[in-house]
There are 2 protein chains.
Amino acid sequence: MVGILIVSHSKEIAEGTKKMANQMKQEDIPLEAVGGTKDGHLGTDADMIYKKLEDIEKDDGLIILTDLGSSVMNVEMAIENFSEEIHQKIRIANAPIVEGAIYGAVEASLNHDIDQVLSAIETIKLLDKRNE
Amino acid sequence: MVGILIVSHSKEIAEGTKKMANQMKQEDIPLEAVGGTKDGHLGTDADMIYKKLEDIEKDDGLIILTDLGSSVMNVEMAIENFSEEIHQKIRIANAPIVEGAIYGAVEASLNHDIDQVLSAIETIKLLDKRNE
């Protein structure tokens, strides 16, 4: 199963998103979340991200959901510590963090491969939110 | 100033997003968040949303950010309780909840009107997240 790692500037957003994704998925998938700095402030920490990346199952690929651009930089720093083989299995999604993690967890739990999951969450239609 | 109301199924996502939006904005704007059910589970509650809608400043318009489709239904039920005049000032954004709330708070704090803020957050480019 493809895994999902949620990386937010906010520990609350990371944990809340993980809970929502867990509730929506059909089957168990590798699903982890990390957010905030070591001293509990808003921000991300390459070291904390690295530790989560080390622990999470990555055999079938891993998709990382982020919030702001600056979290991507720390994610990329964390990924640099792994071998090229592992590096190839990790993708940063161009998708909204909450909606992408939830739909991604559902797609991954249906046993879709990493390209299918990534494609699904990068083309999420948010149009159903609008009141017309 | 245009206001922003964050409505999530998760209290943690709602509160975390509010903190991030608060940190990014340039000036004070009406900014509130509500999430979860009365008994603390994942979900939304029309009554809780109504109370937040009642309290928040709406004179210059209010943009509501939601996560999943089912929160939109409860938001619409809550809005129904207000007069047509107020109703016209409230818009549900077709935008990702976290990224939309953050960019929306920044745009609103620059004293942009509701159409400008809505247009900005509904066309957010998430492409800078991708590692190529």
Nearest heavy atoms of B:Ile97 and A:Glu99, plus distance in Å: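 Shortest heavy-atom contact: N-OE2, 2.9 Å.
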Exercise: identify the closest heavy-atom pair between B:Ser10 and A:Gly16: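 So the two residues come closest at OG-CA, 3.5 Å.
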Same apolar cluster: A:Leu62 and A:Ile86, side chain cutoff 4.5 Å: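 Same cluster.
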B:Ile124 reachable from B:Val98 in the ILVMFWY side-chain graph, under 4.5 Å edges: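 Yes, B:Val98 connects to B:Ile124 through the hydrophobic network.
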Toward chain B, the part of A:Gln23 with a non-hydrogen atom under 4.5 Å: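 Contact with chain B is through the side chain of A:Gln23 alone.
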If you round to the nearest 0.5 Å, how far is [atom2] of [Y] from [atom1] of [X]?
{"X": "A:Lys18", "Y": "B:Glu12", "atom1": "NZ", "atom2": "CD", "value": "11.0 Å"}
{"X": "A:Ile13", "Y": "B:Met20", "atom1": "CD1", "atom2": "CE", "value": "5.5 Å"}
{"X": "B:Met24", "Y": "A:His9", "atom1": "CE", "atom2": "NE2", "value": "8.0 Å"}

Flag if over 12 foreign heavy atoms under 6.0 Å of [atom1], [X]:
{"X": "B:Glu27", "atom1": "CD", "result": "no"}
{"X": "A:Glu80", "atom1": "CD", "result": "yes"}
{"X": "A:Glu54", "atom1": "CD", "result": "yes"}
{"X": "B:Lys11", "atom1": "NZ", "result": "no"}

Atom group of B:Ile64 that falls short of 4.5 Å from chain A, counting heavy atoms: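 Nothing of B:Ile64, per the 4.5 Å heavy-atom cut-off to chain A.
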